[in-house]
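The structure appears below as structure tokens.
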Number of protein chains: 2
Amino acid sequence: MSLPDRPLPTLRDVANAAEVSVGTASKVLSGASGVSEARAQRVWDAARRLGYRRNGIAADLRRGRPSSIGFVLPDLTNQFFVDIARALENHALEHGYRLIMAHADEDPAREMERIRFVMSGQVAGMIIIPCRGYEHAIDEVRECNVPLVMADRVDDSFPADTVTTDSHAATFDGTVHLIGLGHKRITFLVNTLDLVNSRERADGYVDAMKRAGLDSYIRVVECGMTAAEIHASTLDVLSNALRPTALFAGGNVTTLGALRAIRDAELRLPEDISLLSFDDAPWMSVLRPYLSSIRQPVEAIGHAIWQLMLKLLNGERNAPVHLSFKAELLVRESTAAAPAVQAVLDGA
Amino acid sequence: MSLPDRPLPTLRDVANAAEVSVGTASKVLSGASGVSEARAQRVWDAARRLGYRRNGIAADLRRGRPSSIGFVLPDLTNQFFVDIARALENHALEHGYRLIMAHADEDPAREMERIRFVMSGQVAGMIIIPCRGYEHAIDEVRECNVPLVMADRVDDSFPADTVTTDSHAATFDGTVHLIGLGHKRITFLVNTLDLVNSRERADGYVDAMKRAGLDSYIRVVECGMTAAEIHASTLDVLSNALRPTALFAGGNVTTLGALRAIRDAELRLPEDISLLSFDDAPWMSVLRPYLSSIRQPVEAIGHAIWQLMLKLLNGERNAPVHLSFKAELLVRESTAAAPAVQAVLDGA
DNA sequence: CTGTTAGCGCCTTCAC
DNA sequence: GTGAAGGCGCTAACAG
């Protein structure tokens, strides 16, 4: 390569070259005031000439206040989390913070390890979307007294700031929509009931069914975290003699798995079966029929998380705040009236 | 909150509590050998008791060798990049490196800014998937003498290690496939020709067309980076009197946009028009027809990038290495024989 | 084996 | 305005 491993110039080098003291150079380069025009210019020149780069890490160390934020998320495969990551990344960088991302891959052990590791990099705050069984992991953060905001897979009982979607309301509404279409045998597909928000989603469905007097039709099936597992479980559901006339998929990935199963079972959407998806995604728009779905306000959520974090960063430590956002039901083409034949067979 | 802002215990605190010197404590806690069982145990105990966390940043500073790797990618919306991110994150953490991600959002100015910012955090190396007009940005990195690996949107002329997919071969093969199906009016949809790899993809198509003597049928249309822009351009292409019988979409996002346009134009896939997608994605499997696509070996690419980075990290600085991976053509249902009627109209 | 010491690159009083 | 000095938390020589 071209250059020998000449070490990067330091603040001292710049100061020497500019013939000022380190203190003065520091003031100039960190944008503080109180230095004469002339010397400031000399410093800038020297810095440019030497190709000086400020060592942000050393500055952090000295200041005792890091400028990185840790962000741990459970699954990069899930568009919803990625969207949040994207929003956070923007907010953070806008405010002069680096975002250190780590992904737990839905594995609690790994999550714990990653949280520790990220925190060893001295972060000013942590934002976490947990995976199941996260309690220990969170303790780590709290013990360190690091500002913490949790999102999505938490409930209001959590002793830290949280931002969530009102899952119960969302699935309640969705289920009402399905019922309004004449469906009775509605099956709710959920990844796992170990997750608070998944539980809430299931509850919303259950409550709506009950309110409609459809108690005996309630079916909640846990079908796993991966598309493959979900595919299998759904196939199972569909092969049942009395198969449901509508499927309510409890999330992004679940929808994908369910869709594959529907395809494999050679069922027509929505003539044979209706499908409602919790979580919206760009690709849903190119499906025929266009998927009906529930859209979480990702941008708003990302923004809220960041606002909460900012407050914490500024030292405002009040009682934990729990923000909840309303999701939007997008009725499109994959949810239609229940098949007439089935209604007859039901003898209802 | 519960605890007052008691500062975190430092190495010295631990050493004091364990009644050993800082040096000894350091050795124990950083896993070095040469400390007696008994004292080591005392140190561990004290550390646990005080809730000590090693300050990795300070350690880096002292060692003069950071343990973070910067990763700048252009678009978190593109599944392909996210997959690479995921792979890199795993490799990095496995080797004790933090991955600092930043996303440029396809904006060169922003990319430059983010590269600078990430680097101000003292990274041991940089991995970059650039957006167009990235040359200046890269100079920044090279001047700092930071190990650099570039991927995807680069060619072999680049003076640093690179990892890419053999785009030319991939689109050449894809085009041959389409031609073999009887298509002549094949249009190649590309985001922008400002990107090397997009250019190569287009070239592969062009060369295949030429070899088949279909020079006069060659149509490459630049349709922009966002799904919306692509949607519009494709709609335009499809409204043409002599519309193509096959569309070759040059990437992930392009495919999505094209699909929307096909849907809006009320064309049947693949009866009216065939579609071949560069880049495979999970959602493609739930489309009817299942999309034919070109799959890049993401895992292999991610792994290769990391291997190159590791070598650089270990001080091996040879001439730049350029790795190229072969993509796989997955023939599925969206590519079929050209419509007979059209063939007649062609008068061929 | 163990303790002491001298910084890593930077910021921040504090005198001048 | 300006420069000198001390130290953030840690590690890597060294002495003992």
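This one's a predicted model, so the numbers in the text were calculated from it and none came from an experiment. The basis for the numbers below is simple: all heavy atoms, side chains too, and nothing from hydrogens, waters or symmetry mates. Proteins come first, then strands; the chains are lettered A, B, ... in the order of their sequence lines, and each starts at number 1.
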Notebook entry, point to check: Among A:Leu312, A:Ile69, A:Val149, A:Val146, which residue meets the side-chain contact (heavy atoms from CB on, under 4.5 Å) test with A:Met126?
Noted result: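 For A:Met126, the side-chain contact (heavy atoms from CB on, under 4.5 Å) check succeeds only for A:Val146.
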
Next item on the list: Would you please name every residue forming a salt bridge (Lys or Arg N to Asp or Glu O under 4.0 Å) with A:Arg63, sequence neighbours left out?
Entry: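 Expected list: A:Asp60.
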
Margin query: Test of understanding: with salt bridge (Lys or Arg N to Asp or Glu O under 4.0 Å), list the residues that count as partners of A:Asp83, not counting sequence neighbours.
Written below: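 Here no residue qualifies.
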
Item checked: salt bridge (charged side-chain N to carboxylate O under 4.0 Å, His left out) pairs, two or more places apart, involving residues 105-119 of chain A ->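 Non-adjacent pairs meeting salt bridge (charged side-chain N to carboxylate O under 4.0 Å, His left out): A:Asp105-B:Arg86, A:Glu106-A:Arg153, A:Arg114-B:Glu89, A:Arg116-A:Glu140.
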
Next item on the list: Using the salt bridge (charged side-chain N to carboxylate O under 4.0 Å, His left out) rule, collect all pairs that involve residues 8-27 of chain A, keeping only residues at least two apart or in two chains.
Entry: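 Listed by first then second residue: nothing to list.
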
Residues in side chain to side chain contact (heavy atoms under 4.5 Å, CB included) with [X], at least two apart?
| X | value |
| --- | --- |
| A:Ser120 | A:Phe117, B:Arg98 |
| B:Ile138 | B:Ile128, B:Tyr134, B:Arg142, B:Leu148, B:Met150, B:Phe158 |
| B:Gln41 | B:Trp44, B:Asp45 |
| B:Asp155 | B:Ser157, B:Val196, B:Glu200 |

Notebook entry, point to check: How many Å lie between CD on B:Glu19 and P on C:dC1, as a whole number?
Noted result: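 Atom-to-atom, B:Glu19 to C:dC1, this comes out as 21 Å.
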
Checklist line | Letter per nucleotide, 5' to 3', of nucleotides 9-16 of chain C [B base touched, S only sugar-phosphate touched, - untouched; heavy atoms, 4.0 Å] | finding: BBBB----

Checklist line | DNA chain D: 5'-most and 3'-most nucleotides touching chain A, 4.0 angstrom heavy-atom criterion | finding: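 The contacted stretch runs from D:dG1 to D:dG9.
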
Next item on the list: Scan B:Gly64 against the nucleic acid and name what it touches under 4.0 Å (heavy atoms): base, sugar-phosphate only, or nothing.
Entry: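 Nothing: the residue B:Gly64, judged by heavy atoms under 4.0 Å, touches no strand.
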
Margin query: Can you list everything that forms a side chain to side chain donor-acceptor pair (under 3.5 Å) with B:His91? Sequence neighbours excluded, please.
Written below: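 None.
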
Next item on the list: Specify the angle, to 10°, made by the local axes at the two ends of the helix from C:dC1-D:dG16 to C:dC16-D:dG1 when five pairs are taken at each end.
Entry: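 Rounded to the nearest 10 degrees, the bend comes out at 40°.
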
